[in-house]
Every structure is written in C-alpha cells, then in structure tokens.
Amino acid sequence: MGRFSFFSISVLSLLLVFPFITPQKPVMAVPLSTNSRWIVDENGQRVKLACVNWPSHLEVMVAEGLSKQPVDAISNRIVSMGFNCVRLTWPLFLATNDSLASLTVRKSFQRLGLLESIAGLQANNPAIVDLPLINAFQAVVSSLGDKNVMVILDNHISKPGWCCSNYDGNGFFGDQYFNPDLWLEGLTRMATMFNGVTNVVGMSLRNELRGAKQNANDWYRYMQNGAEAVHSANPDVLVILSGLNYDKDFSFLLQQPVNLTFTGKLVFEVHWYGFSDGNSWVTGNPNQVCGRVVDNMMRRGGFLLDQGWPIFVSEFGVDQRGTNVNDNRYLNCFLGVVAELDLDWALWVLTGSYYLREGVVGMEEFYGVLSWNWCGIRNSSFLQRISAVQSPFQGPGLSDARPHKIIFHPSTGLCILRKSLLEPLKLGPCTESEAWSYTPQKTLTVKGTYFCLQAAGLGQPAKLGIICSDPSSKWETISDSKMHLSAKIADGTQVCLDIDSSNTIVTNTCKCLSRDNMCDPGNQWFKLVNSTGSSTATKPFLPITSC
C-alpha cells in the first residue's frame with residue numbers, strides 16, 4: 001500500500017515535469033486489438049505489423065542515429081522503406097530512475113565522453129539536445145506519429161547497455177538488475193505516459209528472457225502481473241509477451257494457458273535468427289536444416305497460431321553485406337515461412353551505426369538496413385526481397401479476391417506471373433502475381449481458366465497447357481523444406497521448378513535433396529501462399545536514394 005501510494009505520486013510528478021509530446025494526427029483506425037490469430041484495427045480490418053527495430057536502450061539512452069540525421073528524416077526513411085511500424089527499445093532504468101529520466105541528452109553524452117556525437121546532435125537535432133532523456137524519447141515517438149508510423153514500446157533491458165547474455169544481470173526475474181517490482185513500476189509508468197498517444201499501439205513487456213533463473217512458474221507469475229499492469233494503465237495497447245530461452249520457447253503454454261482478466265489484446269513474440277541454430281545452415285544440408293528448424297519453431301511457439309493467438313516475430317535479421325552463408329540460407333527458409341503463415345514481424349535492425357556499443361565509439365552495424373551515416377541504404381536488394389511480406393496476404397476484412405494461391409520465391413522476394421500465353425512464365429512483383437489453384441489432383445491451375453502449369457523438360461521453360469492429367473502437370477511439394485515443387489517429365493525424370501539467369505521459370509534436376517551441405521537450393525525453393533488480396537494490395541519498395 002505504501003509502495004503504491006508513493007509510486008502514484010512519482011508517476012504524477014514525472015508526467016507534470018515531462019509533459020506529453022503527442023502526435024498531431026492518428027495513424028489509422030486505432031486502437032488495435034486481436035481477432036483470433038490476427039491483429040485488427042477498430043473496424044475489424046487486418047493490420048499487419050511490418051516493423052523495424054530502432055534501438056534506444058544502450059548507455060546513452062537516446063534513439064540511435066540522431067547525431068547523423070534529423071529525426072524526421074529518419075522517420076521519413078522508415079516509411080520510404082515500406083515499414084509501417086517501429087519496435088522502439090527502452091531500458092527499464094529510464095522509466096524508474098527519475099534522475100536518469102531528467103538528465104538532458106547533452107549531459108548523457110557528456111558523461112560518456114561522446115563529444116563528437118553532441119556536435120552531430122546540435123547540427124541535426126538541435127531541438128532535442130537539451131531535452132530531458134524521457135522527453136527526447138517522446139519526441140522520437142512523436143516524429144514517427146507525424147509520419148503515421150505505429151510504435152511498439154519494447155522493454156529491452158533493465159540497466160542500459162548492449163543486450164544480451166546469460167550473465168549480464170538483466171536476463172530473468174530476480175537477476176541483479178531485474179527486480180520484478182521495479183519492472184512493474186516501469187511498465188506502468190510507460191503505459192501511463194503514452195496513454196492517448198495514438199501511434200503507440202503495443203507494449204512488449206520484456207525482451208529475451210534467459211539465464212539460469214528462468215522457469216515457467218515465475219514466467220506465469222510475473223508476466224501475467226506485467227500484462228495486467230500495462231492493460232490497467234493503458235487499455236488501448238496490445239500487450240506482447242515474450243517466451244523463455246531468448247524468446248524461442250513457449251512450449252510450457254501447451255500445459256497451462258495464460259490467465260488474464262482482459263481479452264482481445266494479447267500477442268506473443270518470438271525471435272528467430274540464423275545464429276539461433278549455430279552454424280547449422282552451413283554445416284548441414286539446407287533442406288534438412290530448414291525442415292528441422294521450422295518443425296522446432298512450430299513445436300515451441302508456432303502452435304499458438306492454431307490456438308488462436310497472434311505471433312509477432314519481433315526480431316529477425318541478417319548480415320546486410322550478403323556474404324554470410326549461414327544467414328543467407330536461413331533467410332530463404334525464414335521468408336518462406338513468414339509468407340506462408342503471413343506473420344507479423346520486426347526486422348533487426350534500422351541502425352547504421354551506434355553512438356557507443358560495447359565500449360566501441362561509432363561501431364558500424366552490419367545487420368542495419370541503413371549505412372554508417374544513416375543516409376544510404378546498405379542493401380536495396382534485401383529491402384526488395386522483404387517488400388512482398390510487408391503487406392498482408394489474408395486476414396479479416398481482406399477479401400478483394402476469392403481465396404487463391406500465389407507462388408512465392410523467397411530468395412528473390414518475387415512471385416510467378418505471366419505476361420501472356422505466348423511468353424514464358426517469369427518472376428515478378430507479387431503485386432502482379434497470378435492467382436493459382438492447387439487442386440486435390442496436385443495440379444497448379446491459373447484460377448478461372450483451364451490452364452495448368454506443366455514441366456516441359458530439363459532446362460526448358462515451364463509452360464501453361466490444358467492437358468492437365470499427365471505426370472508433367474502433377475506438382476508435389478518434396479524435400480524436408482517442403483519448398484521444392486516437383487513433377488515428372490515425359491521420360492519419367494523427376495524435375496523441380498527453378499529459375500534461370502533472366503528469372504524465367506524453368507525445370508531442372510532437383511538440387512540438395514541428399515545430405516550434401518555444399519549446395520544451395522535457394523533458386524528451387526518456392527512456397528504456395530494463401531491469399532485473398534487483389535493483385536494491387538501491396539506496394540513495391542520505392543527507396544529514397546539520398547538524404
């Protein structure tokens with residue numbers, strides 16, 4: 001009772017000292033809620049979270065990049081890259097330590113000796129330099145709101161710094177820097193502070209629970225308390241729960257569901273990287289690794305979709321330089337799954353470079369979509385690849401067309417389409433994708449026509465025909481990855497869909513079906529994706545090329 005009374009006064013004083021900075025216009029029909037496994041707006045229409053992570057939890061406690069570019073320029077760049085949402089991280093101590101929250105941005109950089117960054121801030125964001133840290137955080141949220149970008153507030157860590165390890169004292173309830181009561185206070189403060197800020201649509205209660213102390217009993221106790229505290233302080237936001245073992249494990253929910261007093265607001269988040277499975281993508285056969293990893297993911301968390309809960313992949317990412325074989329193979333598998341399940345997601349990471357990370361000033365982030373100076377795009381082909389999954393394929397309110405399939409090619413982010421009956425099938429933007437039916441007889445038919453997909457021969461373009469009963473028209477999903485589409489040509493040889501150097505759809509000998517770990521089946525991986533959207537439902541990535 002005494003703790004709560006003191007805390008109530010503390011929250012009130014914080015809000016009086018640090019007034020709201022409210023976005024000037026609403027993002028959409030907010031607040032958001034859930035409808036079974038989907039996130040929907042106030043009109044019941046599916047809203048797909050296609051987010052990018054923007055770190056603000058390191059020692060400086062200021063959103064990264066503000067010494068390199070104006071905050072509004074960064075917000076504009078986020079929109080230009082096709083993201084509709086930011087997962088904005090924050091350290092618990094920013095919300096629970098009033099002396100830290102009131103520290104000015106300038107003084108926060110000064111105490112760390114980051115004088116060059118102060119000069120950059122003065123040049124690019126002079127209005128932020130002398131704001132208290134908590135107001136600077138609000139200013140970033142406000143800038144995103146002005147651009148109609150949704151924000152998910154993510155309590156990433158307690159003590160500001162780089163995350164994460166089993167031994168950093170931030171991993172689980174009761175760790176050195178992870179006091180459960182202080183955590184509840186921090187969640188309540190942040191939920192209260194952003195109550196009524198319409199572009200703040202969700203709160204992620206804690207990033208990557210981990211370490212020796214983690215256990216299911218404490219997870220239920222504290223995560224349920226945290227969910228209730230956030231919902232009580234701000235009933236408009238989605239409440240997002242992370243799992244155990246670095247946000248990879250919800251298997252305990254198979255025995256006991258979450259018990260909360262509210263409904264329609266709960267989302268579960270998972271993390272999935274190539275390095276989540278060590279070097280398996282390099283040392284193992286990619287088909288077999290993909291099958292095994294996906295089965296494991298579905299068993300430990302993906303089952304929640306079948307139980308009627310939304311899953312938000314709040315962190316995934318790759319080395320944007322494109323030279324990491326482990327990441328490249330993983331990404332082909334990941335994008336196939338994200339498209340097939342039409343998951344909500346958040347890319348790690350926006351950051352081109354950090355003010356200070358792990359003692360290194362100006363460290364470059366090769367997982368970042370932006371370049372070191374936060375001006376250029378590190379890898380535009382990567383952004384083109386993910387553009388197809390930035391918009392929903394299906395869900396409540398999305399019924400511009402009858403249910404159909406699109407044939408998605410993860411390694412390019414493109415889909416199979418046709419220009420005419422005389423031209424070969426090619427890969428192109430999924431916005432122009434053909435609508436296909438996959439029949440019980442295993443034929444792939446252009447919806448509304450008699451034309452089916454046929455294999456002509458080794459190295460030859462696949463074609464459309466009307467004789468759809470022979471083996472060349474029967475397409476099986478084979479291999480552990482379930483992403484090879486295979487048929488038999490006239491001489492009985494098994495072939496798989498493939499692409500040539502001009503992105504024409506051809507058929508070739510099926511690759512990498514054995515234990516061989518030296519081959520890469522990416523060109524031959526296709527995913528049949530359910531869709532009810534029209535061919536104009538998504539927008540291609542349109543990069544802004546200069547700052």
Side-chain angles (χ1 to χ4, degrees), residues 287 332 335-337 339-342 388-389 393-394 401-500 502-511 513 521-535 537:
N287 273 306
N332 289 336
L335 288 178
V337 173
E340 180 182 33
L341 299 178
D342 204 1
V389 296
F393 294 117
Q394 55 181 318
R402 292 179 180 273
H404 59 275
K405 305 278 188 185
I406 61 173
I407 307 177
F408 177 65
H409 189 247
S411 74
T412 59
L414 302 173
C415 291
I416 295 181
L417 52 90
R418 59 167 179 160
K419 296 295 184 182
S420 72
L421 287 176
L422 300 178
E423 297 180 69
L425 296 164
K426 301 194 73 140
L427 291 178
C430 292
T431 53
E432 303 170 17
S433 175
E434 211 62 58
W436 299 85
S437 295
Y438 188 52
T439 70
Q441 293 76 37
K442 304 296 179 70
T443 61
L444 278 165
T445 306
V446 178
K447 202 164 180 67
T449 77
Y450 294 106
F451 294 102
C452 62
L453 182 65
Q454 297 177 335
L458 279 173
Q460 296 184 32
K463 62 182 182 178
L464 294 174
I466 58 173
I467 310 292
C468 302
S469 57
D470 62 81
S472 68
S473 303
K474 309 290 185 185
W475 296 93
E476 304 268 1
T477 53
I478 65 166
S479 79
D480 290 358
S481 68
K482 300 183 176 65
M483 284 200 281
H484 277 91
L485 285 171
S486 172
K488 291 183 178 178
I489 55 178
D491 65 2
T493 301
Q494 184 184 48
V495 295
C496 282
L497 277 191
D498 203 339
I499 60 169
D500 67 11
S502 66
N503 278 350
T504 297
I505 307 302
V506 297
T507 52
N508 280 315
T509 302
C510 300
K511 294 194 301 187
L513 301 185
N523 274 4
Q524 292 190 346
W525 276 0
F526 293 84
K527 182 64 78 170
L528 298 179
V529 176
N530 291 322
S531 178
T532 58
S534 71
S535 62

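- Here the closest non-hydrogen pair linking P521 and H484 is CB-CE1, 4.0 Å.
- Nearest heavy-atom pair, T504 versus P424, reported as atom, atom and distance to 0.1 Å: CG2-CB, 3.8 Å.
- Distance check, rounded to the nearest 0.5 Å: SG of C430 to CZ of F393 gives 5.5 Å.
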Next on the checklist: Please determine whether side chain to side chain donor-acceptor pair (under 3.5 Å) holds for the pair S486 and E476, giving the CA-CA distance in whole Å, both sets of side-chain angles, and the decisive distance to 0.1 Å.
Outcome noted: CA-CA 5 Å; S486 172; E476 304 268 1; over 6 Å; no
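- Of all heavy-atom pairs between I467 and S473, the closest is O-OG, 3.4 Å.
- Heavy atoms of other residues, nucleotides or ligands lying less than 6.0 angstrom from NZ of K419 number 12 at most.
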Next on the checklist: Using the rule given for side-chain contact (heavy atoms from CB on, under 4.5 Å), can you reason through T509 versus C496, listing the C-alpha separation, both sets of side-chain angles and the distance that settles it, and then say yes or no?
Outcome noted: CA-CA 6 Å; T509 302; C496 282; over 6 Å; no
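- Side-chain contact check for F451 versus I466: some heavy-atom pair is nearer than 4.5 Å.
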Checklist entry - Going through the checks in order, is the side-chain contact (heavy atoms from CB on, under 4.5 Å) test met by I407 and Y438? => result CA-CA 10 Å; I407 307 177; Y438 188 52; over 6 Å; no
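- Contact detail for G533 and H404: the closest heavy-atom pair is O-CE1, 3.3 Å.
- Between the side chains of S481 and W525, at least one donor N or O lies within less than 3.5 Å of an accepting N or O.
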Checklist entry - Does the pair Q394 and D342 meet the rule for a side chain to side chain donor-acceptor pair (under 3.5 Å), with working shown? => result CA-CA 7 Å; Q394 55 181 318; D342 204 1; 4.6 Å; no
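- For the residue pair T439/S437, the side-chain donor-acceptor check at 3.5 Å is not satisfied.
- If you take CG on L458 and CG on D498, they are separated by 10.5 Å, rounding to the nearest 0.5 Å.
- Ion pairing of E423 with R418 is absent here, as no side-chain N (NZ or NE/NH1/NH2) approaches a carboxylate O to less than 4.0 Å.
- Residues R402 and K447 meet the side-chain proximity criterion, which asks for heavy atoms closer than 4.5 Å.
- For K463, the side-chain hydrogen bond (donor to acceptor under 3.5 Å, both in side chains) criterion is met by no residue, not counting sequence neighbours.
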Item to check | side-chain contact (heavy atoms from CB on, under 4.5 Å) assessment of W436 paired with V446 | outcome: CA-CA 5 Å; W436 299 85; V446 178; 3.8 Å; yes
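- Residues Q494 and C510 have side chains in contact (heavy-atom distance under 4.5 Å, counting atoms from C-beta outward).
- Rounded to the nearest 0.5 angstrom, S469 OG and Q441 CD are separated by 10.5 Å.
- At least one donor-acceptor pair closer than 3.5 Å links the side chain of N508 to the backbone N or O of G459.
- Of the candidates I416, L444, V506, I416 is the only one forming a side-chain contact (heavy atoms from CB on, under 4.5 Å) with L497.
- In this structure, the separation between CE on M483 and CD on Q524 is 12.0 Å, given to the nearest 0.5 Å.
- Between H409 and G522, the shortest heavy-atom contact is NE2-O, 3.7 Å.
- Scored by the salt bridge (charged side-chain N to carboxylate O under 4.0 Å, His left out) test, D480 finds no partners at all (sequence neighbours excluded).
- We find the CD1-CG distance between I505 and N503 to be 7.5 Å, quoted to the nearest 0.5 Å.
- The shortest heavy-atom contact between F526 and P410 is CA-CD, 4.3 Å.
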Next on the checklist: Show, in sequence, the C-alpha distance, side-chain angles and deciding distance for T443 and L453, and conclude whether the side-chain contact (heavy atoms from CB on, under 4.5 Å) test is met.
Outcome noted: CA-CA 7 Å; T443 61; L453 182 65; over 6 Å; no
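- From S479, atom OG reaches atom CG of L513 across 6.0 Å, with rounding to the nearest 0.5 Å.
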